[in-house]
Enquirer: 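This structure is in C-alpha cells; I'll ask about it shortly.
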Amino acid sequence: MPSVLDQRPAPPAAHRAEAPRRRTRLLALPEARWALAALVLFLLALPVYLLGGPAWLWGTLYAAAYSTGGWEPGWEGLKALKNKTLDVDLLMIVAALGAAAIGQILDGALLIVIFAASGALEAMATARTADSVRGLLDLAPTTATRLLARGIEEHVDTAQLKLGDTILVRPGERIGADGRVREGTSDVDQATITGEPLPVAKQAGDEVFAGTVNGTGALRVEVERDPSDSVIARIVQMVEEASDTKAPTQLFIEKIEQRYSIGMVLATLAVFAIPLTLGDPLQSALLRAMTFMIVASPCAVVLSTMPPLLSAIANAGRRGVLAKSAVVMERLGQIDVVALDKTGTLTEGTPHVTDIRPLPGTGLDARKLLALAAAAEYPSEHPLARAIVDAAREEDIRLSGVEDFSSVPGEGVTATVDGHLVQVGSPSRMLADAAARGPHKMLVADLEDAGRSAVAVLRDGDVVGVLGIADRLRPDAAATVLALTELTGRAPVLLTGDNQRAAQHLADEVGITDVRAGLLPQDKVNAVKAWEAEGRRVLAVGDGVNDAPALAAAHCGVAMGKAGSDLALETADAIVVRDELSTIPSIVQLSRTARRLVIQNLVIAGAFITALVAWDLLGTLPLPLGVAGHEGSTVIVGLNGLRLLREAAWPLVPAPGRYPARRSAGLS
C-alpha cells in the first residue's frame, strides 16, 4: 500500500513526470508550406476570376496554385506509377488538369488545394507523434551518481551504467536505471510506468524503474537491467513498432481506388481511341474522351466520403472530442472491443478523502478527526496530505497551528497539535506495535477491502481514527460503460497497472467483469494484440505514458485530454479534451452514422456517374450538361454529408448517476 506523507513538494497531477515539449512547427514541414502557398494563390485568383478580371492575371495565379499544390502528390503518384501502382492522388491531378483543359480551371484548382491540405495535415500528425516519442526519452535522466569502493561518488552518463552497478538516488531526483533498492526508504512516484495514482513506498528489496521520481528519502539502487532495455526505453520501442506495423489507414473508398483508377484511365483511352479509329474527327473524339473523364472522375465519390466524416469531426469538436483525421472518424465506428485504463480515465486521477472513521470513546466525531489529521498534514506536500487538507477546506474547517513537524518516508508525519502529539500515516508502519486485534484493525481491513488506502490517526500514541482515501470515480463512468456495452455487445475490459483489489472494487462499481490488474505497458500491448489477432477491432482509452503503446497498437486509441501525457495525446487517434468520459460512446455512435451516410452518398454518386457515362457512350452528352450533372452530384452528396453538422446529430448518452464520496459520518 502506498505510504503517506513526505516533506518534499510533489507535483499534483497523477501524470507529473512529463517530457518537455518538442513540437515540430507546422510551417517547418515542406508539405505544409506548399499547401499554404497553393491556398493563398487560390484565394488571390478566386475574386479576380469571379469578377471577370484579366485572364492573364487569374490564369497565372491559378497555374501557380496548380504547381505549388500539385507537384508533390503528382511526383509521388509518378513514383508509384513507376512501381506499377496507380495512386488516386495522381488520378486527381490528372482530373484537375483535365478540368482545366476544358475550361473548368476553378474546379481543378479547388481539387488541388484540398489534396495539398490533406497531405499537410497527415504530415503534421506524423511529425507530432515522432516528437513525443523522442521527448519520452527525456523522462529518463541522462546522468546518474554511481557509487564506487569506499563510498566514492562518480557522475556518469546513464548509458554507461552496467549490471551490478550501485547508484545513489537523492530526494527529488529521477531514478537513472531499472534496478532494486539495496538501502534506504522512500516514496517513489511511478505513475509514468504503472499508472498508479499515488507514490509507492520503496525499501530494500523493492524494484524501481528508470524515469520515476524519488520522494524525500535517499535510495541506493543496484542496476539490474541495461539502460537500453529499461522499461521506459521499451515503451519508446513499443510505440514506434506499433505505429510502424499498424495496418495502413484507408478510407472506405480508398479500398477500391486501384481498380477504379485503372478502369477509368483505360476507359478514357478507349473512349478516345475507338471513335478515332472508326473515323471520328480528332476534336470530336477528344471532346468525348474529356467529357467522359469529367463525368467519370471520382470527385463526387471522394466527396461522398469526406463531408460526412469531416462534419462528424466538426460536431465532435464542438462537444470536446478531437478526432485527428477522417480516417480516425471512420475507424471509431468499427470497434467491437473496448479496453479502459483505470487511473485518470475511469477515475479523476487525484486522491480524495472518501471515509472518516473515528473510534468510539475517543471524544472525536468525523469533523474533529478530520481537523486533527489535516492540521498535522498541513506542512506536507505529499498527495495524500493534500487530499486530507483539501477535504478539511471543503468543510470550512479551521486548522490549528502545528509545532515540531517531522516526516519519515514510507511511514508518515508527526506533529504537535494543540499540545497533543499527532501521528498520521501508514497503518502497517505506525501500528506495527499496536494490539493485534482492535477496532482500528477492523476499520483498516474494511477500507482496504473496499479499495481504499487507509491512513491511521494517532493522538498521544493512541489510535483515534482511520481515514480512507481513494481516487474518485468519474461521475459518468458507469453510464459510459453501459453505453459502450450496448454498442459493442460486450462489456469493456479494465487494463490497469494498479493493484488487483483497487481495480476490482472500481470495476464492480461501474459494471466491468473482466479486470486485468498489475499490468506494465508491454502487458497492455500484448492484451490488445491478442484481441487484434482474433479479428477484433479494439478501442483503447487511456491517459498516461504507460498507456501510449496500447493506444498505438489498438485499432483506435482515445486519450483523456486534461491530465493526459504528451505521448498519449500525440499517439492517440482522438482526444477527449474536456475529460467527459460519456462522449466516447457518443463519438462511436456518430462515427457509425457517418459511415451510413458515406454508403448513401456512394450510391447517389454511383447512380449519377453511371447515368452520365451511359449517356456519353450511347449518345452525345453535351459537355456543359456533363459538367452540370457531375457538379450536381457533387453538391448533392456534399449537402447530404453536412447533415451531421446539426446539433441533433450528436448522440446522447443517458444522464450519468452521481457517485458521492462515501463517508462513515456526515460533515455539517
Enquirer: Output the distance between atom OG (Ser67) and atom CH2 (Trp34), rounded to the nearest 0.5 Å.
Expert: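 Rounded to the nearest 0.5 Å, the OG-CH2 separation comes out at 9.0 Å.
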Enquirer: State, to 0.1 Å, how close Val525 and Pro549 come at their nearest heavy-atom pair, and which atoms those are.
Expert: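 Closest approach of Val525 to Pro549, heavy atoms only: CG2-CB, 3.2 Å.
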Enquirer: Do the non-hydrogen side-chain atoms of Leu484 and Ile584 ever get within less than 4.5 Å of each other?
Expert: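 Of all side-chain heavy-atom pairs linking Ile584 with Leu484, at least one is under 4.5 Å.
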Enquirer: Looking at Asp573 and Arg331, is any side-chain nitrogen of the basic one under 4.0 Å from a carboxylate oxygen of the acidic one?
Expert: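 Not counted as a salt bridge, because no side-chain N and carboxylate O are separated by less than 4.0 Å.
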Enquirer: Check the pair Thr485, Val338 against side chain to side chain contact (heavy atoms under 4.5 Å, CB included), reporting the backbone distance first and the verdict last.
Expert: CA-CA 9 Å; Thr485 301; Val338 180; over 6 Å; no
Enquirer: Taking Asp523 first and then Arg516, would you say they form a salt bridge - that is, a charged N and a carboxylate O separated by under 4.0 Å?
Expert: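 Salt bridge flag = no for Arg516 with Asp523.
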Enquirer: Determine, stepwise, if the pair Glu486 / Leu482 fulfils side chain to side chain contact (heavy atoms under 4.5 Å, CB included).
Expert: CA-CA 6 Å; Glu486 293 175 350; Leu482 178 60; 4.0 Å; yes
Enquirer: Taking the side chain as every heavy atom from C-beta outward, state whether Leu645 and Asn315 have any pair of such atoms under 4.5 Å apart.
Expert: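 Not touching, per the 4.5 Å side-chain cut-off.
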Enquirer: Looking at Arg536, is its backbone amide N or carbonyl O close enough to the side chain of Asp336 to form a donor-acceptor pair, meaning the two atoms are under 3.5 Å apart?
Expert: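 Side chain of Asp336 to backbone of Arg536, a donor-acceptor pair under 3.5 Å: no, none is there.
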Enquirer: Rounded at 0.5 Å granularity, tell me how far CG in Leu46 sits from OH in Tyr62.
Expert: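 Spacing of CG (Leu46) from OH (Tyr62) equals 4.5 Å.
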Enquirer: Between Leu346 and Asp341, does a side chain to side chain contact (heavy atoms under 4.5 Å, CB included) hold up when you go through it step by step?
Expert: CA-CA 7 Å; Leu346 286 173; Asp341 175 46; over 6 Å; no
Enquirer: State, yes or no, whether a side-chain contact exists between Leu581 and Val576 at a heavy-atom distance under 4.5 Å.
Expert: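 In short, these two side chains do not touch, never coming nearer than 4.5 Å.
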Enquirer: Determine whether a donor-acceptor pair (N or O, by modelled atom type, separation under 3.5 Å) exists between the side chain of Asn546 and the backbone of Leu520.
Expert: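 Flag not set: sc Asn546 to bb Leu520 has no pair under 3.5 Å.
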Enquirer: Within a strict 4.5 Å, meaning less than it, do heavy atoms of the Leu539 and His555 side chains meet?
Expert: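 Leu539 does not reach His555 side chain to side chain.
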Enquirer: Taking the side chain as every heavy atom from C-beta outward, state whether Val558 and Ile575 have any atom pair closer than 4.5 Å.
Expert: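 No; the side chains remain at least 4.5 Å from each other.
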Enquirer: Quick one: OG1 on Thr610 to CZ on Phe608, what's the gap to the nearest 0.5 Å?
Expert: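 Between Thr610 OG1 and Phe608 CZ, I get 11.0 Å after rounding to 0.5 Å.
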Enquirer: Can you tell me how far the OH atom of Tyr49 sits from the CG atom of Leu61, to the nearest 0.5 Å?
Expert: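 The CG atom of Leu61 is 13.5 Å from OH of Tyr49, to the nearest 0.5 Å.
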Enquirer: Applying side chain to side chain contact (heavy atoms under 4.5 Å, CB included) to Thr593 and Leu644, what does each step give before you reach the verdict?
Expert: CA-CA 8 Å; Thr593 302; Leu644 291 184; 3.8 Å; yes
Enquirer: Using only atom types and a distance under 3.5 Å, with no angle test, would you say the side chain of Asn640 pairs donor to acceptor with the backbone of Ile636?
Expert: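 It does not hold such a pair.
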Enquirer: How far apart are the closest heavy atoms of Ala649 and Arg643, and which atoms are they?
Expert: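 For Ala649 and Arg643, the tightest heavy-atom pair comes out as CB-O, 4.1 Å.
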Enquirer: Can you see which heavy atom on Val328 is nearest to which on Cys556, and at what distance?
Expert: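 Closest approach of Val328 to Cys556: CG1-SG, 4.2 Å.
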Enquirer: Is any side-chain heavy atom of Val481 closer than 4.5 Å to one of Leu340?
Expert: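 They are in side-chain contact.
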Enquirer: Thr68 versus Leu41: any side-chain heavy-atom pair under 4.5 Å?
Expert: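 The answer is yes, as the side chains (C-beta and beyond) meet within the 4.5 Å cut-off.
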Enquirer: Going by an N to O cut-off under 4.0 Å, is there a salt bridge joining Glu647 and Arg319?
Expert: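 Salt bridge: yes.
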Enquirer: Checking Arg537 side chain against Glu532 main chain: does a donor-acceptor pair fall under 3.5 Å?
Expert: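 Absent.
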Enquirer: Measuring from atom CG of Asp514 to atom CG of Leu495, what distance do you get when rounded to the nearest 0.5 angstrom?
Expert: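 Output value for this atom pair is 8.0 Å.
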Enquirer: Of all heavy-atom pairs between Gly542 and Leu551, which one has the smallest distance, and what is that distance?
Expert: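 Closest heavy-atom pair between Gly542 and Leu551: N-CD2, 3.9 Å.
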Enquirer: With distance as the sole test, does Tyr66 use its side chain to make a donor-acceptor pair with the main-chain N or O of Ala109 at under 3.5 Å?
Expert: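 A pair under 3.5 Å: yes.
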Enquirer: Main chain of Leu487, side chain of Arg592: is a donor-acceptor contact present, judged purely on distance under 3.5 Å?
Expert: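 Side chain of Arg592 to backbone of Leu487: a pair is present.
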Enquirer: For the pair Ser591 (side chain) and Met329 (backbone), establish whether a donor and an acceptor sit closer than 3.5 Å, ignoring hydrogens and angles.
Expert: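 Answer holds: yes.
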Enquirer: Taking Thr488 for its side chain and Val337 for its backbone only, find out whether a donor-acceptor pair lies under 3.5 Å.
Expert: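 Here the side-chain-to-backbone pair does not exist.
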Enquirer: Within the structure provided, determine whether Val603 and Gln600 are in side-chain contact (heavy-atom separation under 4.5 Å).
Expert: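 No, too far: nothing below the 4.5 Å cut-off.
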Enquirer: Which heavy-atom pair separates Asp476 from Ser582 by the least distance, and what is that distance?
Expert: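 Reported closest heavy-atom pair: OD2-N, 3.1 Å.
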Enquirer: Can you name the nearest heavy-atom pair linking Ala552 to Thr571, along with the distance?
Expert: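 Residues Ala552 and Thr571, closest heavy atoms: CB-CG2, 3.4 Å.
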Enquirer: Rounded to the nearest 0.5 Å, what separation is found between the CD atom of Glu580 and the OG1 atom of Thr583?
Expert: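 It comes to 6.0 Å.
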